[in-house]
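Step one of this worksheet: look at the structure below.
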Amino acid sequence: MKLNTLSSTLKISVLALSSVALSVNSNAQTFLKKHTEINPYQYEVVKEKTFAHAAVTSAHPLASMAGAAMMKDGGNAFDAAIATQFALAVVFPGAGNIGGGGFMLARKANGELIGIDYREAAPKKATADMYLDEKGNAIPSKSRDGALASGIPGSVAGMISTHAYAKLPLAVLIEPAIEYAEFGYVITEREAAGLNGQRANFLKNSSAPSAFTKKEWKAGDTLYQPELAATLKRIQQKGLAGFYEGETADYIVKEMEHTAGIITKEDLKNYHPKFRKPIEFEYRGNHVISFAPPSSGGIIIAQMLQMIAPFNVGAMGANTEASVSLMVEAQRRAYADRAEHMGDPDYWKVPTKTLTSNEYAQDRMKDYVPGVAGSSKVTQAGQVHESEQTTHFSVIDAEGNMVSITTTLNDTYGNKTIVAGAGFLLNNEMDDFSVKPGVPNMYGAIGGEANAIAPGKRMLSSMTPTLVTVNNKPYISIGTPGGTTIPNQVYEGLVNIIDHKMTIKEAIDAPRFHHQWIPDMVAVESDFPETTFNALKAKGYTVTKRGRFGRMDGVLITKEGQRNAAGDKRGDDSVAGY
Ligand code: DON
């Protein structure tokens, strides 16, 4: 493997506005005063860099830098992850969150695996038919727009559970987020466009205007979020009770009134993260560890990688007709199983053991004929949703602890409801349930009984935070956003590294393809090779071009023991470390 130490940097042109920032609030800056290397008013996107000891890669430079700072201050990968998650809630509001949920997968340096499921849960008043009209037809806007679309948020509880493995006080880990919210940070062009694009929805879906709707944004503007800073301070001071009870809970429940939401104080108080035993399997001498149900991701990548293992994928070449058609046929089979068999394991018996066994994978591929396009034999086609704003971040520390977290509000800026007084966005994760058997969700995914809505149940996810070890030693932490494309992206990323010997940066940036059983088509990114596109068409595949999907971030330990961190070219993703 090529060791790539080049750091490609992209300068964001921003102005230093610290004098404005200081007038916002009287509270002291402790984090920013100490870490003068971090300037929220002038920062760079660093796409790749190799660090001697520890690294973080996330969707935003300020979040990665906050995580790295915690490790420099004596924290471990868990400290970094917690600081990064809270910071993303401020500097990457489209997906970073405290009003959503996610999955934390970790491998401690001593080999212990930890899977914390902080996925949102359906409120107690939720019913299987809550998004259907009188005739039994699905009303998509109801599960996507406004407070009724929100599951009970899990992120704050998830981070507090993660804190059991960290070294620094929780208060210290939340501080960077508080200071970014209170003293402001300069927004990128991408963020400005995102906020402007949703302004009307924010105003419609929220009971009051918010920090996001203050003005028409442009790159270089400073965004202050005083209400969010106050909420984060309540969490800093009171822990779980600072979010799930008291003032913050009051604000959440009050916000429900505006768009007929059903989350109650009891729902909030009763929310608990759950420990899940990670999915583990072998792929060409690599031990892959990924997330278990209620995520479908770990099972799907276990199925797909084992299905292609008997073939010499490396010899076929990356993104050639031979390798893509083989990989697509594995995608078709695994995603068919997703729709039928997967849901919250506390409500549905997911046959995880069978689905992830190598025998089953080989059996599923028995009818695979190289060079012949398969068929999903179903005409119904769901529309694949283009907006893809979940977020993934990866950390590897100096001791060899690895953390891989994917977290989301579901759609970009969730249900577009900012909780008045509390300053954060709520998710629209309820749309990840199967609102009616066979009716596609916003990612075109269909499901049935296994993923039907029930009170307290967690909606099936595709998020696939993943870790790899070789010879029992830490190697890779990787993941990505992208709805149902997520498992496919991680699968392709791992094949790019393991079979095609790409560096992690090359693997992340390579053009991607996606098949999810239904609709029966291969979606490819716009820079996907034209020759392969045409060859697949000639074989009888329906192939469509779509924009870029996902924003994969990962850290890989080089043979020399360094941390090679990479952020996806597709976003403002940026690495930090020391
Ligand atoms: O859990 C899931 O599978 C989805 N809610 C993830 C959504 C997502 O990745 C959005 N975009 N990037």
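Numbering of ligands and ligand atoms starts at 1, following listing order.
Within the 6.0 Å centre-distance limit, the rings of Phe243 and Phe424 are counted as a close aromatic pair.
Looking only at atom types and distance, the side chain of Asn205 has no donor-acceptor partner in the side chain of Tyr413 under 3.5 Å away. Inspection of the Ser462 and Arg338 side chains reveals an N or O donor paired with an N or O acceptor under 3.5 Å.
In Arg119, the part holding a heavy atom less than 4.0 Å from any atom of ligand 1 is the side chain. When non-hydrogen atoms are compared, ligand 1 lies under 4.0 Å from the backbone of Asn410 as well as from its side chain. With a heavy-atom cut-off of 4.0 Å, Met459 does not touch ligand 1 at all. Neither the backbone nor the side chain of Thr412 comes within contact range of ligand 1; no heavy atom lies under 4.0 Å.
The closest approach between a heavy atom of Arg551 and any atom of ligand 1 is not below 4.0 Å.
Evaluation of the salt bridge (Lys or Arg N to Asp or Glu O under 4.0 Å) test over residues 450-467, restricted to residues two or more places apart or in two chains, returns Asp117-Arg458.
Heavy-atom proximity to Gly482, at under 4.0 Å, picks out these atoms of ligand 1: 8 (C), 9 (O), 11 (N), 12 (N). For ligand 1, the atoms closer than 4.0 angstrom to any heavy atom of Ile486 are 9 (O).
Polar contact check, Gly483 against ligand 1: a nitrogen or oxygen pair lies under 3.5 Å apart. In terms of polar-atom proximity, Leu460 is not counted as a contact of ligand 1, lacking any N or O under 3.5 Å from an N or O of the ligand. Any N or O atom pair closer than 3.5 Å counts here, and Ser462 shares at least one such pair with ligand 1.
Proximity of a side-chain donor or acceptor of Ser143 to a complementary backbone N or O of Tyr131 within less than 3.5 Å is not detected. Under the 3.5 Å distance criterion, the side-chain polar atoms of Gln489 are left unmatched by any main-chain donor or acceptor of Met552.
Here Trp217 pairs with Ile187, Ala192, Leu195, Asn196, Lys214, Lys215, Asp221, Leu223 under the side-chain contact (heavy atoms from CB on, under 4.5 Å) rule; sequence neighbours left out.
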